[in-house]
Amino acid sequence: MSAPPAPSFFGATGAVSRLSLLRTLRGRKVRVASVAVAVVILFPAVVALVKEDAETAEVVRAGIDWGFFRLLVFLLPILFVSGVVSEEVEGRTLHYLAMRPVPRASIALGKYAVGTLSALGILWAGLLLLHLVGFAASPSLLVDELGATVRAGGAASLLLMNYCAICLFWGTLVPEAAGLLSVVWLGFIEWFLLLLPGVVRFVSMAHFARELGGLDRPGWDVLRNPLTGQVVVQVPDVELWVCGTVIGAEWILFLGLSLLIMQVSQLRFGKA
């Protein structure tokens, strides 16, 4: 009797995704993320209810800026993706999965897909809830501002997908320190460099995502000579399609590197 054929790459990815989804739903990640979203949207949503129409839009926009672009897009990838490889190594299940007739890369891709989709679902649930509650007292703004909210949500989603790929990269390269390295990378490359003037800011994908989302530029957008008032350094403007292309290219790069590392590395306990 011949052995059943090995599943295809996408079939194996689907099987890993189903197992990862069950683990995610039964674990604490969704509950922790839900609490974080509730805390983020509580204050701006309540404040928006008691403001005038013009001020309401500003409050909701500030909530999207600070709560989603400056916090949740950083927190959710670390929570859902940075530890997906290390938890399999520590739980002594990675080598069991690797012995199955499936590509190693499909394990990483399946876990990435579940972690990213979970983070996206929570992000959009929080974003729409903030929009609904924030504009509940202003039905006209509820419709008029929907396009701006969706635009910001699309930009945040693209950025989150990229950050999830970065977290997966560190998870496959150094699984025992993936969380720490992800925090350092996102904190310095993406957060700190976002505040600097000039083309240095282009290293941060958060800058391009904020441009796509129509948000204001934080930090030192323009530096002027204190004596003459002339502009010394300024962040150059970039076409929106370029912003999206740059983020997408980095996303593909980090995801591809992650799958390659997972496919060729011998991941063992205590070392990558």
Is the shortest side-chain heavy-atom distance between Phe80 and Thr116 below 4.5 Å?
no
Result for ring pair (Phe, Tyr, Trp, His ring centres under 6.0 Å) between His207 and one of Phe202, Phe192, Trp191 points to Phe202
I'd like to know if the side chain of Ser138 reaches the main chain of Ser140, judged simply by a donor and an acceptor atom lying under 3.5 Å from each other, with no hydrogens or angles considered. no
Taking every heavy atom of Cys167 against every heavy atom of Leu186, the minimum-distance pair comes out as SG-CD1, 4.3 Å
All heavy atoms of Ala209 vs all of Ala155, minimum pair found to be O-CB, 3.3 Å
Sub-4.5 Å side-chain heavy-atom contact between Lys111 and Val85 = no
_Would you say that Tyr112 contacts Ser258 through its side chain, given a criterion of any heavy-atom pair below 4.5 Å between the two side chains?_
no
For Trp66, look at atom CH2 and say whether over 12 heavy atoms of other residues, nucleotides or ligands are found less than 6.0 Å away.
no
* To do: Would you mind reporting whether Val60 and Pro44 have side-chain heavy atoms less than 4.5 Å apart?
  => no
- request: Find out if a path of hydrophobic residues (ILVMFWY) with successive side-chain heavy-atom gaps under 4.5 Å connects Leu159 to Leu194.
  value: no
Under 3.5 Å, side chain of Arg28 to main-chain N/O of Thr24, donor-acceptor pair present?
no
message: Donor-acceptor pair, distance only, cut-off 3.5 Å: does the side chain of Glu190 make one with the backbone of Met205?
response: yes
So CG of Leu129 and CH2 of Trp124: to nearest 0.5 Å the spacing works out to 13.5 Å
Measure up the Tyr163 and Phe74 rings against each other and bin them: parallel (under 30°), tilted (30 to 60°), perpendicular (over 60°).
tilted
Rounded to the nearest 0.5 angstrom, the CG-OG distance for Leu79 and Ser182 is 12.0 Å
Worksheet item: Does any non-hydrogen side-chain atom of Ser204 lie less than 4.5 Å from one of Ile189?
Response: no
Report task. Indicate yes or no: does Arg61 engage Glu145 in a salt bridge with an N to O separation below 4.0 Å. Result -> no
* Would you check if Arg201 and Val235 make a side-chain contact, meaning some heavy-atom pair closer than 4.5 Å? => yes
- [ ] Ignoring hydrogens and angles, tell me if any N or O in the side chain of Arg151 forms a donor-acceptor pair with the backbone of Leu146 under 3.5 Å.
- [x] no
Shortest non-hydrogen pair, Gly244 vs Leu158, comes out as O-CD2, 4.0 Å
Heavy-atom side-chain contact between Arg70 and Pro218 under 4.5 Å: yes
### Message
Has Arg210 got a side-chain atom pairing as donor or acceptor with Asp216's backbone, closer than 3.5 angstrom?
### Response
yes
Angle between ring planes, Phe135 versus His131, binned at 30° and 60°: parallel, tilted or perpendicular? perpendicular
* Mind checking whether Leu160 and Val84 sit in one hydrophobic cluster, side chains of I, L, V, M, F, W, Y counted as touching below 4.5 Å? -> yes
| query | Same cluster for Leu196 and Phe188 if Ile/Leu/Val/Met/Phe/Trp/Tyr side chains link at under 4.5 Å? | reply | yes
Please report whether the ring centroid of Trp185 lies less than 6.0 Å from that of Phe254. yes
* Asked: Do Leu25 and Ile122 belong together in a cluster built from hydrophobic side chains that touch within less than 4.5 Å?
  -> no
Between Ala152 and Ile64 the two heavy atoms that sit nearest each other are CB-CG2, 3.9 Å
CG (Leu72) and CD1 (Ile41) are apart, to the nearest 0.5 Å, by 9.5 Å
The reported gap from OG in Ser118 to CG in Leu21 (rounded to nearest 0.5 angstrom) is 6.5 Å
Output for pair (Leu240 CG, Thr245 OG1), nearest 0.5 Å, gives 10.5 Å
When rounded to the nearest 0.5 Å, the distance separating CD1 of Ile247 from CG of Asn162 is 7.0 Å
Minimal heavy-atom distance between Val114 and Ser17, with the atoms involved, is CG2-O, 3.2 Å
Smallest heavy-atom separation, Pro175 atom then Ser86 atom, equals O-CB, 3.1 Å
Do Ile261 and Trp170 share a hydrophobic cluster, counting only Ile, Leu, Val, Met, Phe, Trp and Tyr and linking them when any side-chain heavy atoms are less than 4.5 Å apart?
yes
